[in-house]
Participant: 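For reference, the structure I am asking about is given below.
Chain naming here is simple, since letters A, B, ... match the order of the sequence lines and numbering starts at 1 in each.
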Number of protein chains: 4
Amino acid sequence: MKEDKEKEQRILDTAAELFSRQPFHKVLLSDVARVAAVGKGTLYLYFKSKDDLYFAVLLREFSSLVASMQRFLDENDLTPDEELAGVVGILARHVYARSFNIELIGYVVTCPVTEEWQRLRASLWDLFEGIIQRGIDQGLFRDESPALTARYISGLVRAVCLFTPAGADLDELCRHAATFVLRGLGVQR
Amino acid sequence: MKEDKEKEQRILDTAAELFSRQPFHKVLLSDVARVAAVGKGTLYLYFKSKDDLYFAVLLREFSSLVASMQRFLDENDLTPDEELAGVVGILARHVYARSFNIELIGYVVTCPVTEEWQRLRASLWDLFEGIIQRGIDQGLFRDESPALTARYISGLVRAVCLFTPAGADLDELCRHAATFVLRGLGVQR
Amino acid sequence: MKEDKEKEQRILDTAAELFSRQPFHKVLLSDVARVAAVGKGTLYLYFKSKDDLYFAVLLREFSSLVASMQRFLDENDLTPDEELAGVVGILARHVYARSFNIELIGYVVTCPVTEEWQRLRASLWDLFEGIIQRGIDQGLFRDESPALTARYISGLVRAVCLFTPAGADLDELCRHAATFVLRGLGVQR
Amino acid sequence: MKEDKEKEQRILDTAAELFSRQPFHKVLLSDVARVAAVGKGTLYLYFKSKDDLYFAVLLREFSSLVASMQRFLDENDLTPDEELAGVVGILARHVYARSFNIELIGYVVTCPVTEEWQRLRASLWDLFEGIIQRGIDQGLFRDESPALTARYISGLVRAVCLFTPAGADLDELCRHAATFVLRGLGVQR
DNA sequence: GATGAATGAGCCTTCATTCAT
DNA sequence: GATGAATGAAGGCTCATTCAT
């Protein structure tokens, strides 16, 4: 019933694409099926409902983001300020490439939050909070409430990417955002 | 078709409430009518369609926010850092009180942006940008790109309000956000 | 929402007709709507679901049958054997005219029996049982178990009407059925 | 396509069970396959369609019933009244044990009657009619229309078995039904 | 102007049937 | 022969919109 992982991924890719371009109710499952080149009924072999598909997209995108940020931290031995600049850049590029992704969260906020989603979201915050805390411990950062700040950052990046002025350069955007965040944490730059 | 301003406001209030708590497609016009205590057909005397009602809510909420921020600036003779702290507080309280822009803005992002909405959104950014620019001119702030920063701020505030840890104090939250933003702009605090 | 009793009856009439000619799953609500000359959505103003419509048909038909039998008993002052012959005739004509009616019961048997339906069905049995008991009391009938016999009779009539040999005369059929039942109760004829 | 008789029987057994407990449209072929422990595709090696399976069940059940009744008559040398009491008992026990013909026959009534089904049904009636006729010929029974009476009996038995009052004893039930039928045929008991 | 019963286009979902393995 | 993933036609149901009152 769900052997074909490749097909499942194709459905998720398609759904991610479509959900990022239109609000939930404008995305038709017949479109998803057509674009993914599967039968409409096939969707239901892999996902219980339209909502289920939606959340699956959300979870996959978000967890791949968090994973890539975590990998970045693991594979590089950096100072907290370098780490923060790095993950802000990753986040920005991710949001920029697939502007929906973080946007999808808007929907989810009003829904009964699933445990899995809550856990995932917390893991992003924990990641930020951990960096900030290390920076504070090393005397690099100043922050009265790392938990709050961790929550700022994704919102901040999201906003700038969504509403980026036309013609902006992505690299510059990442640099600017990182600088702002680091200054916000008391780093002199 | 538009005599009864009081009724129109009641409809908008109701719609604002409902649209802020659920995704667009889960808000039924029959619910709006029932809660607003008007007939379903009456909605169409005041608004052309569901989309039209939605945008009317969005515009009203957003413009009242911008107006109250502008009023704050006009009625007080403050330094740029005081101004920024003030409007951040206003924004935070607004988002916190009516989490309207959760879904509201979420939906609108994927929609064909109307000119009016674009103008309104720009006015918020301009407001922030103006303060930042004045701060820079007065040597209070440092910022390489006030236009980008203006876009950060609302996203930042939105995020912290949406995902505020349980038990957080709103005043402290506002103070923290303001401090972060001001530090981000190079203010020593 | 359900002012128009006339429209509701038209829907019920149509549904009764269609449900009597085809099994449940072959009856399309779009057909019901078309034949009843109402919109498809209108059906849902009067009935919660297809099942609900089905049961409404069943209940209406059955209760009208029981009511007409009861009226026959009330309006005539007859001996038990005359009463029994009369109600058997009424039942036979009813089944014959709308062969579905009793047939519908087949479906209902396998369903979670609603209280209302149970009550209605019991009222038919009670009606038969009452007549039989009066007959016994007056020394006209012999029966060791009027409750069981009451359950026979509708099944008996149903069967003969459904499977009546081609060319049979309805009056003769009623007479024959009544005779059989009365003899079954020990009446010499 | 039809080698494995054992598997075919398992499918028929399962289908008989399920079709007798739920209306046609609620019985899913995937359920039949699962319960029968065969693949869904396998069903189509033995039966052309869902309808085909349905009628196969109906025919098998019904013909086994008729066969067992016929065997009873052949293997015992009885008087018509004994024969009738016997076959009524067989019928009652059959219906009682597998309420198959609740839904089964219910559905079939509204369907285009196949020739095979018609023939089978007629064989049951003929069996009853034959007994009745012999009883009349021997002066045991009185009946103006054995053909009609033959049609009563199965309906009568069916009804009592379906709607049997809770706690009833099957043996007593059979005795009572037989007595009623025999009295209906003018036998003094 | 106000209403809400009526409408029907359109979507999600189901499930009998097929066919590649 | 056996399987069950894949299919897509079809139907139940919803809900924005209309319009007669």
Side-chain angles (χ1 to χ4, degrees), chain A residues 1-4 7-8 11 24-34 36-53, chain B residues 1-4 7 24-34 37-54, chain C residues 1-4 7-8 11 24-34 36-53, chain D residues 1-4 7 24-34 37-54:
Chain A
M1 179 172 173
K2 37 172 62 188
E3 291 304 301
D4 197 336
K7 188 168 292 188
E8 182 172 358
I11 294 171
F24 185 86
H25 71 283
K26 292 250 186 97
V27 175
L28 309 189
L29 289 192
S30 48
D31 289 337
V32 176
R34 188 175 35 75
V38 298
K40 224 191 310 187
T42 306
L43 300 179
Y44 286 83
L45 292 178
Y46 293 89
F47 305 97
K48 270 203 305 293
S49 67
K50 187 179 179 182
D51 267 334
D52 190 50
L53 174 59
Chain B
M1 176 177 169
K2 42 175 66 172
E3 291 306 298
D4 196 337
K7 189 171 290 189
F24 185 84
H25 72 281
K26 291 234 184 123
V27 175
L28 309 189
L29 289 192
S30 52
D31 287 339
V32 176
R34 188 175 37 76
V38 299
K40 221 186 329 178
T42 307
L43 299 179
Y44 286 83
L45 295 177
Y46 294 88
F47 305 96
K48 267 205 312 291
S49 67
K50 185 179 180 182
D51 269 336
D52 191 50
L53 174 59
Y54 181 88
Chain C
M1 180 171 173
K2 33 174 64 189
E3 292 302 302
D4 197 336
K7 189 168 291 187
E8 181 172 356
I11 293 170
F24 186 85
H25 72 283
K26 291 250 186 97
V27 175
L28 309 190
L29 290 192
S30 49
D31 289 338
V32 176
R34 187 175 37 74
V38 298
K40 222 191 310 185
T42 305
L43 299 179
Y44 286 84
L45 292 178
Y46 294 88
F47 305 96
K48 272 203 306 293
S49 66
K50 187 179 179 182
D51 268 335
D52 190 51
L53 173 59
Chain D
M1 174 175 174
K2 40 176 70 174
E3 289 309 298
D4 195 337
K7 189 170 290 191
F24 184 84
H25 72 282
K26 290 235 183 121
V27 175
L28 309 188
L29 289 192
S30 51
D31 287 338
V32 176
R34 188 174 38 73
V38 300
K40 217 180 340 170
T42 306
L43 300 179
Y44 285 84
L45 295 177
Y46 294 88
F47 305 96
K48 264 205 313 291
S49 67
K50 186 179 178 182
D51 269 337
D52 190 51
L53 173 59
Y54 181 87

Participant: Which of these nucleotides, E:dT7, F:dA6, E:dA2, is closest to any side-chain atom of B:L45?
Facilitator: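 Output: E:dA2.
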Participant: Would you give a per-nucleotide map of nucleotides 13-21 of chain F, 5' to 3', where B means the base has a protein non-hydrogen atom under 4.0 Å away, S means only the sugar-phosphate does, and - means neither?
Facilitator: BBSSBB---
Participant: Whole-Å distance between E:dC11 P and A:D31 CG?
Facilitator: 8 Å
Participant: To the nearest angstrom, how far is A:F47 atom CZ from F:dA6 atom P?
Facilitator: 12 Å
Participant: Output the rounded distance in Å from NZ (B:K7) to P (E:dG1).
Facilitator: 11 Å
Participant: To the nearest Å, how far apart are C:K26 NZ and E:dA16 P?
Facilitator: 13 Å
Participant: Give the rounded distance in Å between these two atoms: CZ of A:R34 and C1' of F:dA6.
Facilitator: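 The answer, rounded to whole Å, is 19 Å.
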Participant: Let's test your reading of the pairing rules: Watson-Crick or G-U wobble, both distances under 3.5 Å, then write DNA chain E as a dot-bracket string with ( ), [ ], | and dots.
Facilitator: .||||||||||||||||||||
Participant: Any chance you could measure C:Y44, atom OH, to C:D52, atom CG, to the nearest 0.5 Å?
Facilitator: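 It comes to 10.0 Å.
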Participant: Would you compute the distance between atom OG1 of C:T42 and atom CD1 of C:I11 and round it to the nearest 0.5 angstrom?
Facilitator: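 It comes to 6.5 Å.
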Participant: In whole angstrom, what separates A:I11's CD1 from F:dA5's P?
Facilitator: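 One finds 14 Å between P of F:dA5 and CD1 of A:I11, rounded.
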Participant: Using atom OH of A:Y46 as one end and atom C1' of F:dG4 as the other, report the distance to the nearest whole Å.
Facilitator: 11 Å
Participant: With rounding to the nearest 0.5 Å, note down the distance linking NZ in A:K40 to CG in A:D31.
Facilitator: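 The NZ atom of A:K40 sits 9.5 Å away from the CG atom of A:D31.
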Participant: Hey, does the Lys NZ or Arg CZ of C:K50 hover above the aromatic six-ring of C:F24, less than 6.0 Å from the centre and inside 45° of the axis?
Facilitator: yes
Participant: How long is the straight-line distance from CG of C:L29 back to CG of C:L53, given to the nearest 0.5 Å?
Facilitator: 7.0 Å
Participant: Specify the separation, in whole Å, of atom CD of A:E8 and atom P of F:dA5.
Facilitator: 13 Å
